[in-house]
Amino acid sequence: MDILSSLMDGFATALTPMNLLYALIGVILGTAVGVLPGIGPAMTVALLLPVATVLEPTSAFIMFAGIYYGGMFGGSTTSILLNTPGESSSVITAIEGNLMAKAGRAAQALATAAIGSFVAGAIGTTLLVVFAPTVVQFAVSLGSPSYFAIMVLALLAVTAVLGSSRLRGFASLGLGLAIGLVGLDIVSGQARLTFGLPLLSDGLDVVVVAVAIFAVGEALWVAAHLRRTPLEIIPVGTPWMGKKDWKRSWKPWLRGTAFGFPFGALPAGGAEIPTFLSYVTEKRLSKHPEEFGKGAIEGVAGPEAANNAAAAGTLTPMLALGLPTNATAAVMLAAFVQFGIQPGPLLFENEGPLVWALIASLFIGNFLLLLVNLPLAPVWAKLLRLPRPYLYAGILFFATLGAYSVNLQAFDLAILLVLGALGFLMRRYGLPVLPLILGVILGPRLEKQLRQTLQLSAGDVSGLWSEPIAVVVYIIVALVLLWPFLFKMWRRLRPQPAGFAATGGPAVAGPAVAGPAVAGPAAGPAAAPGVEGPAEAKDRSDSTHANHGVNHGQEKS
């Protein structure tokens with residue numbers, strides 16, 4: 001009952017005219033940036049961080065949440081109309097969605113994506129309401145050793161599965177932790193990595209870092225691959241669904257939601273894996289398997305539901321533990337720091353009205369997304385004709401303006417350019433961006449928990465595993481790090497059944513054999529996203545669209 005009353009108070013706050021306006025702005029802006037290839041919600045939230053300082057924190061986070069949900073939905077529009085995912089988590093949608101569009105069923109594909117996103121978002125947000133307070137109650141009982149171990153697990157789990165190699169993922173994490181060290185030591189006051197520059201004594205502003213890595217780095221990278229050939233956009237009217245489409249879509253919506261939420265809540269879960277699993281499941285359960293690879297509506301409904309349910313799942317550890325599991329959540333965590341709000345298990349207790357207003361706004365924003373996107377689908381299609389040079393020039397302008405407005409110092413512009421060049425080079429050499437951002441944000445908090453743990457144990461290292469939860473977490477950390485080696489040894493020692501090597505082994509398990517990689521649209525135009533999408537998507541965070549499949553589409557533009 002306490003949760004229900006808190007949620008009702010949150011609705012009372014979120015339904016004020018001003019907050020409703022910010023929710024509407026958020027979902028429209030989020031859908032727009034999700035539609036445009038190469039621009040994601042993480043970049044948009046990063047660009048708006050400096051602007052948001054003039055808003056009330058509650059209004060700012062309601063707008064950010066709208067951008068996040070809208071971005072998750074908007075990526076499906078380009079996947080369906082262009083076969084170019086605007087979001088890495090929409091790669092699977094492109095497989096059947098674009099084929100439906102080419103068959104003259106773009107309206108039905110967009111409709112099932114919109115309604116499926118609404119259903120999954122509503123169920124996922126309800127699960128967030130149920131589980132987040134429970135996670136908080138568990139988290140507040142943890143001591144510094146356990147919380148330190150959980151943060152180590154979050155960092156390593158996210159890093160270990162990103163990038164084309166683990167080495168690149170850990171290199172990115174190392175860069176982030178190093179940037180987080182810049183400034184004065186919190187205990188001794190010793191200058192660290194300041195290079196004798198007094199302006200670095202307070203450290204690098206996380207807003208400047210986020211804007212540089214996401215906005216500047218991404219804009220430079222995409223601009224380097226621009227082509228001036230016009231986009232071939234499939235025309236579409238107002239989305240609609242017939243009775244048969246409804247009958248074939250409602251079960252995939254529910255199954256996709258069941259896949260998406262738990263994966264979104266897990267470190268390194270993301271939205272790419274559940275969308276892939278949803279596609280494979282629908283292909284196996286469908287009464288019309290022959291349509292897969294030709295434009296099956298189940299192949300759009302399930303993955304889109306999984307995508308939006310994962311978005312709700314991601315907010316559970318972010319709000320309950322202060323641990324982001326994707327790039328947008330990481331930037332939103334930076335916004336908490338910017339507003340002087342301490343993220344973590346005490347967030348619900350210290351900032352309860354803000355958190356419950358934010359959660360209530362997710363229900364409202366989800367409903368607004370449905371109202372806005374069904375009639376505005378033709379408008380989003382026209383938005384795709386916006387010249388890319390103008391678009392990215394505008395991004396660089398607002399990034400520069402936003403970074404300068406943080407401290408009104410030209411020195412921040414130099415930092416912006418240096419870190420923007422770093423973001424460009426990371427994309428060029430395949431280093432994922434998310435570990436760096438997590439290192440910058442969580443690094444100082446990790447150091448604080450480590451110091452507290454060692455102080456409690458009088459400097460004894462055994463204090464790090466002095467709590468049962470910490471021991472369990474370290475065992476999981478060891479499994480995460482050693483699993484590839486153990487798996488290779490197991491494959492070498494275990495007798496291989498006939499045909500095992502040909503299918504690629506259990507690394508992708510049964511689904512990959514019957515899924516989109518082999519029996520799906522391998523022969524169709526969307527084969528590349530189907531085969532390489534999930535792996536490529538994990539190579540970048542959901543705001544880092546420099547994976548090969550997405551860039552291939554961008555080079556066409």
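Any value given below was found using the heavy atoms of this structure, including those in side chains, with hydrogens, waters and symmetry copies removed.
Residue Tyr474 comes nearest to Phe148 through the heavy atom pair OH-CD2, 3.3 Å, listed as atom of the first residue, atom of the second, then distance. Shown here for Ala311 and Tyr69, the closest heavy-atom pair between the two residues is CB-CE1, 4.0 Å. Shortest non-hydrogen contact noted between Leu55 and Phe339 is O-CE2, 3.8 Å. When all heavy atoms of Leu369 and Gly70 are compared, the pair lying nearest together is CD2-CA, 3.7 Å. Here the closest heavy-atom approach between residue Ala335 and residue Leu49 is recorded as CB-CD2, 3.4 Å. Scanning all heavy atoms of the two residues, the minimum distance from Ala470 to Ser146 falls at N-OG, 3.6 Å.
In this structure, Leu362 and Tyr68 have side chains that are not in contact, with every pair of non-hydrogen atoms separated by 4.5 Å or more. In this structure, Glu349 and Val136 have side chains that are not in contact, with every pair of non-hydrogen atoms separated by 4.5 Å or more. Looking at heavy atoms from C-beta onward, Leu358 lies out of side-chain contact with Thr58 at the 4.5 angstrom threshold. Counting only heavy atoms from C-beta outward, the side chains of Thr125 and Asn366 never approach each other to under 4.5 Å. Side-chain contact between Gln342 and Leu347 is absent, with no heavy atoms from C-beta onward closer than 4.5 Å. The shortest distance between side-chain heavy atoms of Met318 and Leu333 falls below 4.5 Å. Leu436 is listed as a side-chain neighbour of Met426, based on a closest heavy-atom distance under 4.5 Å. Here the side chains of Val135 and Phe348 are not in contact, with every heavy-atom distance at 4.5 Å or above.
No hydrogens or angles considered: nothing links the side chains of Asp9 and Ser6 as a donor-acceptor pair under 3.5 Å. Glu96 and Tyr279 share a side-chain donor-acceptor pair at under 3.5 Å.
Between the side chain of Arg427 and the backbone N or O of Pro432 there is no donor-acceptor pair closer than 3.5 Å. Between the Thr314 side chain and the Ala310 main chain, a donor and an acceptor come within less than 3.5 Å of each other. A distance-only check finds a donor-acceptor pair linking the side chain of Arg445 to the backbone of Gly322 [under 3.5 Å]. Under a 3.5 Å cut-off, the side chain of Asn98 and the backbone N or O of Ile80 do form a donor-acceptor pair.
Between the CG atom of Leu48 and the CD1 atom of Ile67 there is a distance of 5.0 Å, given to the nearest 0.5 Å. The CG atom of Leu431 lies 5.5 Å from the OG atom of Ser172; values are rounded to the nearest 0.5 Å. With rounding to the nearest 0.5 angstrom, the CG atom of Leu371 is 8.5 Å from the CZ atom of Phe118. Taken from CZ in Phe64 to CZ in Phe336, the straight-line distance is 10.0 Å, to the nearest 0.5 Å. Taking CD1 of Ile62 as the start and OG1 of Thr16 as the end, the distance is 6.5 Å to the nearest 0.5 Å. Rounding to the nearest 0.5 angstrom, the gap separating the CD1 atom in Ile364 from the CD1 atom in Ile359 is 12.5 Å.
Sparse packing is recorded around CE of Met18, with 12 or fewer heavy atoms of other residues, nucleotides or ligands lying under 6.0 Å away. Heavy atoms from other residues, nucleotides or ligands lying under 6.0 Å from CZ of Phe367 number 12 at most.
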### Task
Using the side-chain contact (heavy atoms from CB on, under 4.5 Å) rule, take Val440 and Ile213 through it: C-alpha gap first, then chi angles, then the decisive distance, then the call.
CA-CA 11 Å; Val440 172; Ile213 296 296; over 6 Å; no

### Task
Start with the C-alpha gap between Trp356 and Phe11, add the side-chain angles, then the distance that decides, and say whether side-chain contact (heavy atoms from CB on, under 4.5 Å) holds.
CA-CA 8 Å; Trp356 286 109; Phe11 271 108; over 6 Å; no

### Message
Assess the residue pair Val372 and Leu24 against the criterion (side-chain contact (heavy atoms from CB on, under 4.5 Å)); give the C-alpha distance rounded to whole Å, side-chain angles, the decisive distance to 0.1 Å, and a yes or no.
### Response
CA-CA 9 Å; Val372 166; Leu24 182 62; 4.0 Å; yes

### Message
Assess the residue pair Met43 and Val33 against the criterion (side-chain contact (heavy atoms from CB on, under 4.5 Å)); give the C-alpha distance rounded to whole Å, side-chain angles, the decisive distance to 0.1 Å, and a yes or no.
### Response
CA-CA 9 Å; Met43 179 197 291; Val33 300; over 6 Å; no

### Message
Apply side chain to side chain donor-acceptor pair (under 3.5 Å) to residues Ser59 and Asn19 and explain how you reach the verdict.
### Response
CA-CA 6 Å; Ser59 300; Asn19 285 336; 2.7 Å; yes

